[in-house]
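One structure below.
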Protein chains: 4
Amino acid sequence: MAPKRVDRAARREDILDAAVRVFARRGFAATRIEDVAAEAAIAKGSVYLYFDSRDALLRAAFERVAARSERLAAAAARPGAPAVERLAGMIRGAVAMLAAEPDLARIMVDLWSTGRARPGTPAEPAAAPLDLAEVYRGYRSLIAGLLAEAGREGDLRPGLGGPEATVVVAAIEGALVQWLVDPEVPFADLAEPIVATCLDGLRPRPAG
Amino acid sequence: MAPKRVDRAARREDILDAAVRVFARRGFAATRIEDVAAEAAIAKGSVYLYFDSRDALLRAAFERVAARSERLAAAAARPGAPAVERLAGMIRGAVAMLAAEPDLARIMVDLWSTGRARPGTPAEPAAAPLDLAEVYRGYRSLIAGLLAEAGREGDLRPGLGGPEATVVVAAIEGALVQWLVDPEVPFADLAEPIVATCLDGLRPRPAG
Amino acid sequence: MAPKRVDRAARREDILDAAVRVFARRGFAATRIEDVAAEAAIAKGSVYLYFDSRDALLRAAFERVAARSERLAAAAARPGAPAVERLAGMIRGAVAMLAAEPDLARIMVDLWSTGRARPGTPAEPAAAPLDLAEVYRGYRSLIAGLLAEAGREGDLRPGLGGPEATVVVAAIEGALVQWLVDPEVPFADLAEPIVATCLDGLRPRPAG
Amino acid sequence: MAPKRVDRAARREDILDAAVRVFARRGFAATRIEDVAAEAAIAKGSVYLYFDSRDALLRAAFERVAARSERLAAAAARPGAPAVERLAGMIRGAVAMLAAEPDLARIMVDLWSTGRARPGTPAEPAAAPLDLAEVYRGYRSLIAGLLAEAGREGDLRPGLGGPEATVVVAAIEGALVQWLVDPEVPFADLAEPIVATCLDGLRPRPAG
DNA sequence: TATGAATGAGCATTCATTCAT
DNA sequence: TATGAATGAATGCTCATTCAT
């Protein structure tokens, strides 16, 4: 019975893996349950043994995106180092992580639009409304915390907060978007320019 | 002999306006032709008097987004001022324009996902593939030009180029995304933080 | 007022001409009112000033086919000549007439199928059920009459009647079908083989 | 693990049977997929599990008609007997076969009109253009062969060929048309009159 | 549990017909 | 009378979901 449960979970995970690949390739809207089943090499009906509905699959994919942001936050928590360095590290980590999992990244973009309103559910708030906003709030407050801390440590200006945190997150997400829209954009290489621009700006460096 | 007179172009524009509103509200994928018709207060079939297909409507919406970027570029061309100021002006202009037309902004996000693969058209090259990449390339090269010019003028570091242009565009688009996902984010107010962060960075300002 | 009526009738005729051409070209099922209007170089709505409905147009086209058969019958009535000759003349006349008006011929084929059941009218007997059967009955009884007469005159076997009349009509209509399906078939040249086959058969001719 | 077992080919055949019945009853143009589904006592969508499109259904029906002509040809090939007898046998066989399957016969009439131009497909070459012409060419060349052979055997006139073959085919098809248009016409009983008329003509039989 | 056949609601699109001008 | 814009019912086809095996 225990092994059964493990099998079940593993199977579910396999299907979700497949779904993520297909979602990334064709987008949510264009992905049919049958595509997912085919990618997972199972029968269409079997998908429903592990997920209640197409929507549930979408939600599970969302969970993965959200979970990744948790991991990222956890990575940033590494204490000991000065906050600026942790900030820079977090930017680099985020870029690396997104670059390493382009499928999840692509799905996130889909979530930006899908998160808004789902087909077929014009009225109902769709149980949990797929709260992408929360994910970004988490990012921002994490970064705002680092900014404040670095301010206190004297490595960044004091008084930095929400707006600047938004800009930092924006630099990452915006670079991601450009890459997804145009694969020529070297996303993975943009970590340093982002760090440099955000921390030092684009003005000529003072002599020091 | 007295044919009913209708300003076809104006009517078409009305319908497109309606479509843009609905697309922004429900997303492309969830928008049915009937929704557009209802929003435009006409009958479903009438939409087809002005647009060949649902896809054509989508394309026309894309054209609007693309056209807006043209306007933006034109605005930035205002010569006379130093390049840094024009850059800052462009950032402020972009933010103001996007904030003023949230519907088009929302559509752009849809385009990020839709641009990739369109449902139902796995084979056909889809005429013009809705080239959002081109729009961003335009933005980047425009900004890269300003960066180089400002570098020559001594207001920014020399040697700035593509990567930094990407970061500037990213800051804007990324802030937009956060606003769209979470209306609490004060997008319109982010113009200054973006300008300040990109130009001066977040480090403590040197005495001068 | 009189001239008005003439104009009206002429206009109606123009439209019917156009309809016949389009029906012949695309078939009833595939012909839209707009096609007819375009062929007649008038506006779509104007068709309805002269015909109550699409169906009325179809009926009017049928009338033409029926009217032609009347003309044919009249031509055959030319008395004086022996019945066999009038029969042969009628066959030749029918072939010539059909060959000369392929559009009407094509429409007749459409009527064979359409006469059966009309789209949208599954129940109602459709007023006058477009009685093609009557047309053929007319042909057959005309020919049966000639056969009997020629029998009496000693030029054909006595006792010929309905079945043989059907075969004669069949030879003409069947040749027509083959021509319409395959333009290579030299319909106009088939009058003689039809006459020869029907009158003399295919067996070797006796010495006389 | 115990998949629902269904004889796909048989099911497909069932649906095609239903389609043929409905096509015969209402005509192609007036037949909606839903009619076919209802006749087959399945749901509308299920039709698409076995046929790609409405057009595919039509084509499959055509195949049946074409296949029947093959069977007919094969039957005529029965060697041993003199060619005239085989010819007469073929005429009788064709009439019997058509009379026995009036649905297919009715469909053939629809094909005569449909074969010309298909609605909705003004551009595409429609894969195999539903080549009814080929079917009739087959019939004619088969019969022309028998005529020539019978000529050599002295049972028919020498020199008979294409035109006469066309007339023989015409007699059959034309009789069919009259029956379909008017059920009073005793098609099945027309085999003998056709044979007699074509072989012996309508003239008085010479003493022998 | 796995399958895939079956279902039917849903949607894009077409087109006969109406009607304001 | 002529026009052609507007309408909306009709219909082909798709696809999420169910269910018998």
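Note that the coordinates shown come from a computational prediction; the quantities given were computed from them, not determined experimentally. Throughout, a chain's letter reflects where its sequence line sits, starting with A, and its residues are numbered from 1.
- Atom CZ of A:F62 is separated from atom CD1 of A:I107 by 12.0 Å, given to the nearest 0.5 angstrom.
- Across F:dT7, E:dA5, E:dA2, the shortest atom-to-atom separation from the side chain of A:R11 is found for E:dA2.
- Where C:L49 and B:Y50 each meet DNA chain F at their nearest nucleotide, the meeting point lying more 5' is that of C:L49.
- Taking CZ of C:R106 as the reference point, atom CH2 of D:W112 lies at 15.0 Å (rounded to 0.5 Å).
- As a whole-Å value, the separation of C:I42 CD1 from F:dT3 P is 7 Å.
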Distances for protein N or O near nucleotides 13-17 of chain E N or O, under 3.5 Å:
residue, atom, partner, partner atom, Å
E:dT13, OP2, B:Y48, OH, 2.7
E:dT13, OP2, B:R54, N, 2.8
E:dT13, O5', B:Y48, OH, 3.4
E:dT13, O4, B:K44, NZ, 3.2
E:dA16, OP1, C:R54, NE, 3.3
E:dA16, OP2, C:I33, N, 2.9
E:dT17, OP2, C:Y48, OH, 2.9
E:dT17, OP2, C:R54, N, 2.9
E:dT17, O4, C:K44, NZ, 3.4

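- Rounded to an integer number of Å, the gap from B:D7 CG to E:dT21 C1' is 16 Å.
- The nearest pair of heavy atoms linking B:R54 to B:T31 is NH2-O, 3.0 Å.
- Of the possible polar contacts, one joining the D:D110 side chain to the D:F28 backbone as a donor-acceptor pair under 3.5 Å is found.
- Annotation: side chain of A:R21 is in contact with side chain of A:R25 (closest heavy-atom distance under 4.5 Å).
- In terms of position on DNA chain F, the residue among C:A41 and B:A41 whose nearest nucleotide sits closer to the 5' end is C:A41.
- Going from atom CG of A:L57 over to atom P of F:dA16 covers 10 Å, rounded to whole Å.
- Interatomic distance, D:R59 CZ to D:L111 CG, rounded to the nearest 0.5 Å: 10.5 Å.
- For DNA chain F, runs of at least 3 consecutive pairs of the Watson-Crick or G-U wobble type, with both hydrogen-bonding distances under 3.5 angstrom, map to E:2-21 with F:2-21.
- Atoms CG and OH, from A:L57 and A:Y48 in turn, are 9.0 Å apart once rounded to the nearest 0.5 Å.
- Note: CZ (D:F28) to C1' (F:dT11) measures 18 Å, nearest angstrom.
- Nearest approach of A:V109 to A:L180, heavy atoms of both residues: CG2-CD1, 3.2 Å.
- Using a 4.0 Å cut-off between a side-chain N of Lys or Arg and a carboxylate O of Asp or Glu, C:R26 and C:E39 do not qualify as a salt bridge.
- Between the CZ atom of D:F51 and the C1' atom of E:dA5 there is a distance of 16 Å, rounded to whole Å.
- Regarding contacts with the backbone of E:dG4, every side-chain N or O of D:R8 stays at 4.0 angstrom or more from both OP1 and OP2.
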